[in-house]
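Just so it is clear, the values below take in all heavy atoms, side chains as well, and ignore hydrogens, waters and symmetry mates.
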Amino acid sequence: MHRASRTNISLLAFLLACSPVWGQSNLIDRIQQSEKSIVTVRTELTRIMHTDPPRTATFYRTAAGIVIDPSGIIVANTHTIIDAPYIFVVLRDGTKLPAEVLYASGAYDFSLLRIHPPYPLQNIQWADSSLVNVGEEIIAVGNSDYDNQSIMEGHIKSILQNMTTGSNDFLELDLDLYHGDSGGPILDEDGRLLGIVMAKRESQENSSLAIASNKIHLQYLQYKKNMP
């Protein structure tokens, strides 16, 4: 069975530069451009601990988010923000901003968040997930504490389609993911967004699910159309 390899992005750049074949490619540039669109989504919950004296404790949950609009629209997994009283987005320079939920899908586990950044953000480019094929190579960018800033090479294992519309809803990948990778991007060979990480399949080794990018893109376009 294929095992996805994990490589630090700076190391990948060095390896590509040393290779006469890969050195002619702009692959690393495309990956690095897409990486600039990854942010951290952080939820916070504060509880009063019934101790003597009483103390307060704040619990945090972090996951990846992807900038899909330079004005500050972020896509993230619904399961990472559900029921959270406070949601923040941490930009790549460390700026922490409060986020509001524009749209939340439970069935497809993605939400659109809105922040008001002090400058235009780098948004990711879209791939057409309806054109993906089983066996196609993909690249994922890690966001967990274990694999932050690393890339994972893998393949499409299967495609889960909507029984009514026939659209590609989910992509099964031969990747093992970790806590914190949720919401991370799945990229095609041009560095465009093909899907976002949803969950690891606990019953199978090297198997994870991603939400197909077209499901997200269509909802984003609908929101833009109805913007006041």
Side-chain angles (χ1 to χ4, degrees), residues 34-46 58-92 95-117 120-129 140-144 148 160 162 165 167-173 175 177-187 192-201 208-228:
S34 298
E35 185 205 12
K36 294 177 183 178
S37 304
I38 305 174
V39 295
T40 298
V41 176
R42 176 171 171 170
T43 60
E44 298 184 5
L45 174 64
T46 300
T58 302
F59 302 89
Y60 306 99
R61 188 187 333 178
T62 61
I66 305 169
V67 178
I68 59 175
D69 191 289
S71 68
I73 300 179
I74 314 292
V75 61
N77 286 137
T78 300
H79 78 259
T80 63
I81 63 165
I82 192 72
D83 297 329
Y86 300 103
I87 305 170
F88 299 92
V89 169
V90 183
L91 304 181
R92 298 182 65 79
T95 301
K96 178 181 173 183
L97 301 169
E100 61 176 317
V101 179
L102 299 176
Y103 169 85
S105 170
Y108 291 100
D109 194 24
F110 74 88
S111 294
L112 301 183
L113 309 178
R114 180 64 183 263
I115 60 173
H116 299 282
L121 303 179
Q122 174 72 51
N123 63 289
I124 203 160
Q125 300 301 308
W126 297 95
D128 186 348
S129 58
V141 180
N143 189 68
S144 71
N148 193 25
L160 284 69
N162 187 298
T165 65
S167 63
N168 295 344
D169 282 1
F170 302 100
L171 309 176
E172 184 180 8
L173 318 170
L175 293 176
L177 300 169
Y178 298 91
H179 178 72
D181 282 331
S182 291
I186 302 301
L187 309 176
R192 299 173 301 181
L193 184 65
L194 193 58
I196 70 168
V197 174
M198 184 177 72
K200 175 181 178 179
R201 281 194 164 181
S208 300
L209 291 176
I211 307 155
S213 60
N214 282 9
K215 301 297 296 186
I216 304 163
H217 194 199
L218 288 174
Q219 188 60 49
Y220 163 69
L221 293 177
Q222 186 66 34
Y223 170 78
K224 293 286 287 186
K225 179 181 178 181
N226 296 330
M227 279 182 64

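- Contact check for Lys215 versus Ser129: no side-chain heavy atoms found under the 4.5 Å cut-off.
- Taking 4.5 Å as the limit, some side-chain heavy atom of Leu113 sits within range of a side-chain heavy atom of Ile81.
- With rounding to the nearest 0.5 angstrom, the CG atom of Asn77 is 10.5 Å from the OG atom of Ser105.
- Asn123 is not listed as a side-chain neighbour of Ile73, based on a closest heavy-atom distance of 4.5 Å or more.
- Listed for the Ser213 side chain is a donor-acceptor partner under 3.5 Å among the backbone atoms of Ala127.
- Asp169 contributes no side-chain N or O that, together with a main-chain N or O of Leu160, makes up a donor-acceptor pair within less than 3.5 Å.
- Side-chain atoms of Thr62 never come within 3.5 Å of backbone atoms of Arg42 as a donor-acceptor pair (strictly under, hydrogens ignored).
- At least one side-chain heavy atom of Phe110 sits under 4.5 Å from a side-chain heavy atom of Ile196.
- Residues Ile38 and Pro185 have side chains in contact (heavy-atom distance under 4.5 Å, counting atoms from C-beta outward).
- Lys224 has its side chain within reach of Asp69: a pair of non-hydrogen atoms, C-beta onward, lies under 4.5 Å apart.
- Looking only at distances, a side-chain donor or acceptor of Asp109 sits under 3.5 Å from a matching main-chain atom of Thr78.
- The shortest side-chain heavy-atom distance between Leu97 and Pro117 falls under the 4.5 Å cut-off.
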